Amino acid sequence: MTTLHPGRIQEVFRAFLMLGLTSFGGPIAHLGYFRTEFVARRKWLSEKDYADLVALCQFLPGPASSQVGFALGLMRAGPWGAAMAWLAFTLPSAIILVLFAVGAAVMEGPVGSGIIHGLKVAAVAIVAHAVWGMARNLCPDRQRAAIALTAVLVVVMVSGPLGQVAAIVAGGLAGLVLCRAAVENAVSEVHFPVTRRAGGVALVAFMLLLVGLPLLAWSTPSQTLALLDAFYRAGALVFGGGHVVLPLLEAEVVQSGWVTPDDFLAGYGAAQAVPGPLFTFAAYLGAVLEPLPNGLVGATLALLAIFVPGMLLLVAVLPFWNRFRQWASAQSLMRGANAAVVGILGAALYQPVWTSAILGSHEFALALTGFLLLTIWKLPAWAAVAVMALGGVLISLVAGLPA
């Protein structure tokens with residue numbers, strides 16, 4: 001029987017709620033926020049354990065950053081911690097997008113747009129800080145530095161999730177050859193309170209839902225089942241998460257006539273301006289569906305359906321994770337894969353994080369300020385984000401002044 005830790009559950013909820021309110025910049029930036037908060041500041045796990053977990057979640061279908069957050073909550077406070085981590089990180093952006101769907105006013109004017117722009121610049125500082133810290137720990141020699149550089153080249157030449165997965169696979173294979181000398185006799189074990197039986201149940205549930213929902217939706221004239229099927233398949237069949245899920249969602253809800261193209265694009269634009277996982281775009285779509293269920297009920301069903309498959313798969317593999325990491329060949333593979341993760345983060349620091357946020361010298365100065373606040377002054381991520389949001393307002397107001 002799993003022991004409840006109310007204090008830890010509350011700690012997980014508070015930490016992830018702050019991240020859910022401030023983590024702008026997409027899934028790669030989220031991994032940077034998590035690394036700053038839980039590795040550098042709270043020291044819940046080591047740099048290597050965190051990088052191993054990131055590499056694992058990058059391999060699995062679903063939203064990688066949300067899966068990492070779910071695993072961190074599970075590690076810290078058990079199943080309730082995992083649930084609170086997901087809820088706290090997901091709920092802020094989901095609520096904002098549902099409000100947008102029902103016509104609530106969103107950020108307008110120079111102050112609102114300045115805050116949004118400042119938060120995008122904050123993502124630059126957060127990701128740069130993560131790349132700097134992870135590179136020092138995970139690429140300490142020429143071999144792993146070369147693997148990281150190769151990963152940058154791969155994701156630059158092959159865009160999208162295919163490039164990321166290819167970079168990690170190539171990095172792992174290179175690690176098998178180049179990183180054997182660095183193999184450790186003992187690897188720290190990160191405890192996840194998931195039994196093999198629970199992992200097997202999760203895998204069976206994943207497969208039953210993936211196969212059963214389409215059959216039920218086809219055989220029963222139920223719009224609720226059709227909604228669950230559409231969003232579950234979108235979450236189950238996408239690698240890389242984030243923007244990669246958009247074509248699948250467009251095919252499910254626009255081509256079926258459930259959502260108009262204009263509403264779909266408007267929601268996508270709003271999803272770029274909110275913190276947290278981009279998968280919460282599903283909540284907006286569930287709210288604006290023309291057939292019932294829609295509104296709050298549709299938003300809730302769509303949100304749950306799109307996240308469930310990735311979490312089930314993660315629970316299915318976690319019981320075997322520590323044993324896998326003990327193997328000498330697995331250690332070599334993970335060292336190469338971790339170096340590749342650093343390269344992927346480095347490439348993402350430029351595109352899309354830097355290119356979407358740094359529009360001139362003002363933004364560059366603000367991003368550098370944020371980087372120094374994190375690196376030299378050791379401010380928590382939320383404090384640096386608040387400073388840069390105010391800086392974004394100042395930039396917006398200055399830009400709006402007449403020449």
Side-chain angles (χ1 to χ4, degrees), residues 24-27 61-63 65-66 90-109 112-113 116-117 119-120 159-162 210 213-214 217-218 221-310 351-353 355-357:
F24 288 77
S65 61
S66 293
T90 306
L91 208 55
S93 58
I95 290 173
I96 294 170
L97 289 173
V98 170
L99 290 175
F100 177 75
V102 298
V106 292
M107 303 292 265
E108 296 176 349
S113 61
I116 295 298
H117 191 54
L119 294 171
K120 289 182 179 180
S159 60
L162 178 61
L210 185 62
L213 281 174
W218 174 76
S222 168
Q223 179 60 26
T224 299
L225 285 173
L227 180 153
L228 292 172
D229 171 43
F231 284 91
Y232 185 89
R233 276 189 290 110
L237 301 177
V238 60
F239 287 85
H243 301 276
V244 186
V245 79
L246 294 173
L248 293 174
L249 290 177
E250 191 274 340
E252 295 291 348
V253 302
V254 176
Q255 296 179 26
S256 65
W258 294 352
V259 176
T260 67
D262 287 346
D263 285 345
F264 186 89
L265 291 175
Y268 173 58
Q272 307 305 302
V274 298
L278 189 60
F279 267 46
T280 55
F281 181 38
Y284 166 86
L285 294 174
V288 300
L289 291 174
E290 292 183 359
L292 293 172
N294 52 28
L296 187 57
V297 173
T300 302
L301 291 175
L303 189 67
L304 291 173
I306 201 169
F307 275 101
V308 162
Q351 172 70 34
V353 177
T355 56
S356 64

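Small disclaimer: the values here were computed from a predicted structure and weren't measured. The first residue of the sequence shown is numbered 1, and numbering continues consecutively from there.
Atom CG of N294 sits about 12.0 Å away from atom CH2 of W258, to the nearest 0.5 Å. A distance of 8.0 Å separates CG of L289 from OG of S256, quoted to the nearest 0.5 Å. Atom-to-atom distance recorded for F307:CZ and T280:OG1 is 6.5 Å, nearest 0.5 angstrom. Between atom CD1 of residue I306 and atom CG of residue L301 there is a gap of 13.0 Å, rounded to the nearest 0.5 Å. Atom CD1 of residue I96 and atom CG of residue L91 lie 10.0 Å apart, to the nearest 0.5 angstrom.
Nearest heavy atom pair, residue Q223 against residue P293, reads CG-CD, 3.9 Å. Residues R233 and L210 share a closest heavy-atom pair of CG-CD1, 4.2 Å. Among all heavy-atom pairs drawn from A283 and L303, the shortest one is CB-CD1, 4.1 Å. Considering all non-hydrogen atoms of both residues, S93 and P275 come closest at CB-O, 2.8 Å. Closest non-hydrogen pair, A101 versus V288, comes out as CB-CG1, 3.5 Å.
Proximity of the aromatic rings of F279 and F231 is defined here by a centroid distance below 6.0 angstrom, and this criterion is not met.
In this structure, the side chains of D229 and E252 stay at 4.5 Å or more apart for every pair of heavy atoms.
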